[in-house]
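Okay, structure first, notes after.
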Amino acid sequence: MLSDFKSELSRLLADRIETLFGVEYEPIVEVPPRRELGDLAYPAALHLARILKRNPRAIAEELAADFPSPVFVRDLRVEGAGYLNFFLDRGLVAGQLLSEPLIQPEAGAGDRIVLEHTNINPNKAAHIGHLRNAVLGDVLSKVLRALGHTVEVENYIDDTGVQLADVVVGFIDLRKMTLEAVAALPEPFDYYCWDLYAEVGRWYEEDPQNQELRRQTLRELEHGSGPRAEMGRLISRRVVSRHLATMRRLAIAYDLLTHEGAVLGLDFFSEAFEQLKSAGSVHLEDDGKNAGCWVMPLSESEEFAGLEDPDKVIVRSDGTVTYVGKDIAYQLWKFGLLDKDFQYRFWRAEDIWETTVDGEPEHPSFGQADRVINVIDIRQSYLQKIVKAGLEALDYDEQARQSIHFAYEMVTLSPATARQFGFLEDDSEEAAGNLEMSGRKGIGVKADDLIDQLEAKSREEISLRNREMSPEALDILAHQIAIAALRFFMVKATTNRVIAFDLDEALSFEGDSGPYLQYSAVRALNISRRLGEAGLPTQVSPAEVAALPPEVWADDLWDLILAVALIPQKTEAAGDTLELSLLARHALELAQKFHAIYHKHPILQEQDVAVRSARLATMQVFVEGLTVLSDLLGLPLPDRM
RNA sequence: GCGGCUGUAGCUCAGCUGGAUAGAGCUGGGGCUUCCUAAGCCCUGAGUCGGGGGUUCGAGUCCUCCCAGCCGCACCA
């Protein structure tokens, strides 16, 4: 693998620098901007120039002279200001890529990771902002698993919160509906709730007195008993079921649903609270604005320096627990630091385990993580820091370090799309910027609507070029293309950038898009099929590849092979930095190179066997690389388009 | 006020721990289908990298000060 080649070269270079100059140096390797400059570039001489006070070019020449090049190095040159550039044996690298799996994690090296994502309030339909969370979380789970970690994916359901309470109020007090009537409402239930939730918001505004009903409902939800709690359970159940169905459309699944109701019902907090108290991390405030509250001081942590209020309330003066308190308890459970465990029940209809207060005796084991990753939007950074500070306060320093907030920016609506959906009154506000989505106001593009539109668009495109497809095949293909378009759209954006969602852009299947990647794979498949039909070999073996004469490896082919060789490093980088867009962009790069080769280096018509073999081998390497990346990104590769 | 993020081509964005001529996609213009599907490819146009100063042999990248925009800083989640 390329990384092996790299590390061997780096080691040889470090040795040489040590013997020649007596300097300890950790070589850095780069990829030259243009292929003719080389395959791997070491700027070592440029770095050494300062230490040795010598001309970098002269240093490079000295390093290059009599360099003990291994067999896979074809040439070594000094370029530019003093770069040491290596040219590799192309056939050797290509053969290697075809002979072993691209990504091979070391056995037993993986961590046990609890990864929490999606976490949609169970009171309304999922919107495109939630999709960003779910897709990022899902891709991360695949990346971490590929790197050898054991990943448990949890979806946290806040079934005792204000948002659910509001919809309960909507059904009981605004609509005056019974449990039976609500149970009998037709699907899509989450769409119904979407509108009702917004309506309740307006109702509160009309008469703030109505908010008393919210408080009463919230108390009942937290307590878990009474007609309002029962209504809450029904709503939450039906809405979560819809969310799971939406996510299933995108091939996103979970190992465990964790319910806030269970965290409360099993009183996780009381034990966490005892830990916090005996560690002296919280104290009862006896005067000031937080009088009567248990607070956690944050002033000692430099992270919170300059904060106006250096204390965080954990237990309110009325004795109830804040969100942060619950979250610290939950985080402790994830690490196995709480003496309590959930009860578990298998939700058969949804084929998933969930937490409860009275569960089944037999169940898999959950939690006990080495590392915890919470996929939550960036606005929650402050709260996630407090949870971390809570672990630190309990001297769980290692777990605090392993508490990772995977933060990503918001999804807003572009002015054009906001207008299209009627969220901007008229076009008088020409200069209107992006519109923030708001469940409370009913502003947003629902996930299922978007997927429906993407499928419709796919069908349209397919029918333009493929008239004789069966309806079943059409359904499957349209769906594959739609989810690739959507998933790719969400992953290609860097996490710290706000996505201004534009429907037309999302529906574009050209250029930087999932379908573009799929199309490149379809083309490769077609070539294999046509080769077979023509009675020509459809595969080249690694041994044949290594034996090909060097001149058959045109630069275009080699570029693509090198790009595939870089996939393991890109994957590691994505896992380390949580910047998953690296993978999306790298996949694009592969597809772009392949499409170009497709036009420039035809395989089927090529008469020269060696040349054809090299092209075919490159295609095999490409398919291998694209398959790996598509699996990581969760993009299905259809067999035709 | 304190903290975080963002500012690169007409639009949407890449740019890896400072390094070789700042790159894609879309849009505009022009080409390419008797030859592996044109959801593609090729050509073409367009940039004071928000602004000033600094560090460096070398700055889109690091430091500092401004300017503009977005987001956090509850006994809400």
Side-chain angles (χ1 to χ4, degrees), chain A residues 28 30-34 37 41 43 46-47 49-50 55-56 79-83 85 121 158 161-163 218 260 289-295 303-309 312-318 320-324 326-327 377-383 407 409-410 412 414 433-434 436 458 461-462 464-466 481 485 492-494 496-500 502 504-505 508-520 522-531 534 569-570 573 577 579 581-582 585 588-589 591-592 595-600 602-606 619 640-641:
Chain A
I28 291 168
E30 295 171 4
V31 178
R34 295 186 309 284
L37 290 172
L46 282 84
H47 298 159
R50 192 172 312 180
N55 179 343
E79 295 279 357
Y83 282 95
N85 289 5
N121 269 296
D158 184 2
V162 194
Q163 294 210 23
L218 200 51
E260 181 155 293
K289 70 183 181 68
N290 291 336
C293 300
W294 285 85
V295 302
E303 285 240 62
F304 300 100
L307 217 58
E308 212 170 298
D309 182 359
K312 185 69 196 174
V313 173
I314 302 296
V315 179
R316 302 182 188 101
S317 51
D318 66 1
T320 58
V321 185
T322 60
Y323 163 78
V324 180
K326 285 180 271 191
D327 225 35
D377 77 63
I378 195 162
R379 295 180 304 188
Q380 308 260 12
S381 297
Y382 167 70
L383 289 161
E409 265 289 357
M410 309 304 298
T412 62
S414 77
N434 299 322
E436 193 181 343
S458 304
E461 295 288 332
I462 296 162
L464 284 177
R465 46 207 114 200
N466 219 326
I481 293 170
K492 80 170 176 187
T494 45
N496 56 4
R497 192 173 280 280
V498 176
I499 294 180
D502 187 84
D504 292 337
E505 190 195 340
S508 160
F509 293 169
E510 288 164 17
D512 291 351
S513 73
Y516 177 89
L517 297 181
Q518 293 179 311
Y519 189 55
S520 67
V522 165
R523 284 183 140 177
L525 265 175
N526 273 336
I527 295 174
S528 295
R529 189 172 46 79
R530 296 289 295 267
L531 281 170
Q569 282 148 280
K570 294 280 178 185
T577 63
E579 189 50 84
S581 62
L582 285 176
R585 292 188 185 281
L588 269 183
E589 208 176 307
Q592 276 168 356
H595 275 306
I597 290 171
Y598 178 89
H599 287 274
K600 238 169 112 183
I603 295 176
L604 205 54
Q605 298 80 3
E606 180 55 49
M619 192 187 89
R640 58 172 165 166
M641 279 176 81

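Across all strands, A:Glu579 comes closer than 4.0 Å to no nucleic acid atom at all (heavy-atom distances). Nucleic acid contact for A:Asn85: base, since at least one base atom lies under 4.0 Å from a heavy atom of the residue. Across all strands, A:Ile314 comes closer than 4.0 Å to no nucleic acid atom at all (heavy-atom distances). Within 4.0 Å (heavy atoms only), A:Pro602 reaches at least one base atom of the nucleic acid. Contacts of A:Val522 with the nucleic acid, taken as non-hydrogen atoms under 4.0 Å apart, include base atoms. When heavy atoms are screened at a 4.0 angstrom cut-off, A:Arg529 is found touching no nucleic acid atom at all. In this structure, A:Gln592 reaches the sugar-phosphate backbone alone: every heavy-atom distance under 4.0 Å involves primed, P, OP1 or OP2 atoms, never a base. Residue-level contact check: A:Leu582 touches neither bases nor backbone, having no heavy atom under 4.0 Å from any strand. The residue A:Ala534 sits apart from the nucleic acid: no heavy atom pair falls under 4.0 Å. As judged by a 4.0 angstrom heavy-atom cut-off over every strand, A:Leu531 is placed among residues making no nucleic acid contact. Using a 4.0 Å heavy-atom cutoff across all strands shown, A:Ala41 reaches at least one base atom of the nucleic acid. Across all strands, A:Gln518 comes closer than 4.0 Å to no nucleic acid atom at all (heavy-atom distances). Among the protein residues, A:Asn526 comes within range of the nucleic acid bases, having at least one heavy atom under 4.0 Å from a base atom. Residue-level contact check: A:Arg465 touches the bases, meaning some heavy atom is under 4.0 Å from a base atom.
Between A:Asn121 and A:Ile597, the residue whose closest nucleotide on RNA chain B is further toward the 5' end is A:Ile597. Nearest-nucleotide positions on RNA chain B for A:Pro32 and A:Val315 put A:Pro32 closer to the 5' end.
Checking B:rC75, B:rA74, B:rU37 against every side-chain atom of A:Lys312, the shortest atom distance belongs to B:rA74. Residue A:Gln605 places its side chain closer to B:rC35 than to any other of B:rC35, B:rC75, B:rG40. Looking at the side chain of A:Arg523, the nearest of the listed nucleotides B:rA38, B:rG25, B:rC42 is B:rA38. For A:His595, the listed nucleotide lying nearest its side chain is B:rC41; candidates were B:rC75, B:rA39, B:rC41. Candidate nucleotides B:rG40, B:rG25, B:rA74 were compared by shortest atom distance to the side chain of A:Tyr382, and B:rA74 ranks first. Listed nucleotides: B:rA38, B:rA20, B:rU12. Nearest to the side chain of A:Leu37: B:rA20. Of all nucleotides listed (B:rA24, B:rA39, B:rC36), B:rC36 comes nearest to the side chain of A:Ile527.
Taking atom C1' on both nucleotides, B:rG51 is separated from B:rC67 by 7 Å, rounded to a whole Å. B:rU34 and B:rG23: their P atoms are spaced 34 Å apart (whole Å). A distance of about 28 Å separates the C1' atoms of B:rG40 and B:rU21, rounded to the whole Å. For the C1' atom pair drawn from B:rC11 and B:rG28, the interatomic distance equals 12 Å after rounding to whole Å. Using atom P as the reference point in both B:rG69 and B:rU8, the two lie 15 Å apart (nearest Å). Going from the C1' atom of B:rA74 to that of B:rU12 covers 37 Å, rounded to whole Å. Taking the P atoms as reference points, B:rC57 lies 28 Å from B:rG15, given to the whole Å. Spacing of C1' atoms, B:rA46 relative to B:rA24, comes out at 14 Å, to the nearest Å.
For B:rU34, there is no paired base (Watson-Crick or G-U wobble, both distances below 3.5 Å). B:rG7: Watson-Crick or G-U partner is B:rC67, with both key distances under 3.5 Å. The partner of B:rU48, taking Watson-Crick or G-U wobble pairs whose two distances both stay under 3.5 Å, does not exist in any strand shown. Pair assignment for B:rA39 gives none, since no Watson-Crick or G-U wobble pairing has each distance under 3.5 Å. The partner of B:rA20, taking Watson-Crick or G-U wobble pairs whose two distances both stay under 3.5 Å, does not exist in any strand shown. Partner assigned to B:rC73 is B:rG1, using Watson-Crick or G-U wobble distances below 3.5 angstrom.
One atom, CG of A:Leu383, and another, C1' of B:rC73, lie 10 Å apart when rounded to the nearest Å. What separates NZ of A:Lys492 from P of B:rA24 is a distance of 16 Å, to the nearest Å. Distance, A:Arg34 CZ to B:rU21 P: 7 Å, rounded to whole Å. Rounded to a whole Å, the CZ atom of A:Arg497 is 10 Å from the P atom of B:rU12. Rounded to an integer number of Å, the gap from CZ of A:Arg379 to P of B:rC70 is 15 Å. The CD1-C1' distance, from A:Ile603 to B:rU37, rounds to 15 Å in whole Å. Atom CG in A:Asn434 sits about 17 Å away from atom P in B:rU6, given to the nearest Å. Put simply, NE2 on A:His47 is 15 Å from P on B:rG58, counting in whole angstrom units.
Looking only at distances, a side-chain donor or acceptor of A:Asp502 sits under 3.5 Å from a matching main-chain atom of A:Glu505. Proximity of a side-chain donor or acceptor of A:Thr322 to a complementary backbone N or O of A:Ile314 within less than 3.5 Å is detected. Side-chain N or O atoms of A:Lys492 include one that pairs as donor or acceptor with a backbone N or O of A:Asp512 at under 3.5 Å. Judged by distance alone, with hydrogens and angles left aside, the side-chain atoms of A:Asn85 form a donor-acceptor pair with the main-chain N or O of A:Leu37 at under 3.5 Å.
Between A:Tyr516 and the phosphate of B:rC41, there is a side-chain N or O to OP1/OP2 separation shorter than 4.0 Å. Residue A:Asn496 places at least one side-chain N or O closer than 4.0 Å to OP1 or OP2 of B:rU6.
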| task | Take A:Arg465 and A:Glu461 through the salt bridge (Lys or Arg N to Asp or Glu O under 4.0 Å) test and state the conclusion after the steps. | result | CA-CA 7 Å; A:Arg465 46 207 114 200; A:Glu461 295 288 332; 2.4 Å; yes
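Applying the 3.5 Å distance criterion, the base of B:rC75 shares a donor-acceptor pair with the side chain of A:Ser317.
For the 3.5 Å distance criterion, the side chains of A:Ser508 and A:Glu510 fail to qualify, holding no donor opposite an acceptor. If you check the side chains of A:Asn526 and A:Arg529, you find a donor sitting under 3.5 Å from an acceptor.
Residues meeting the side chain to side chain contact (heavy atoms under 4.5 Å, CB included) test with A:Ser513, sequence neighbours left out: A:Pro515, A:Tyr516. Taking A:Arg497 as the reference, A:Thr494 meet the side chain to side chain contact (heavy atoms under 4.5 Å, CB included) condition, with sequence neighbours excluded.
Of all non-hydrogen atoms in A:Ala573 and A:Leu582, the two that sit nearest each other are CB-CD1, 3.8 Å.
Annotated as anti: B:rU64, whose O4'-C1'-N torsion sits more than 90° from 0.
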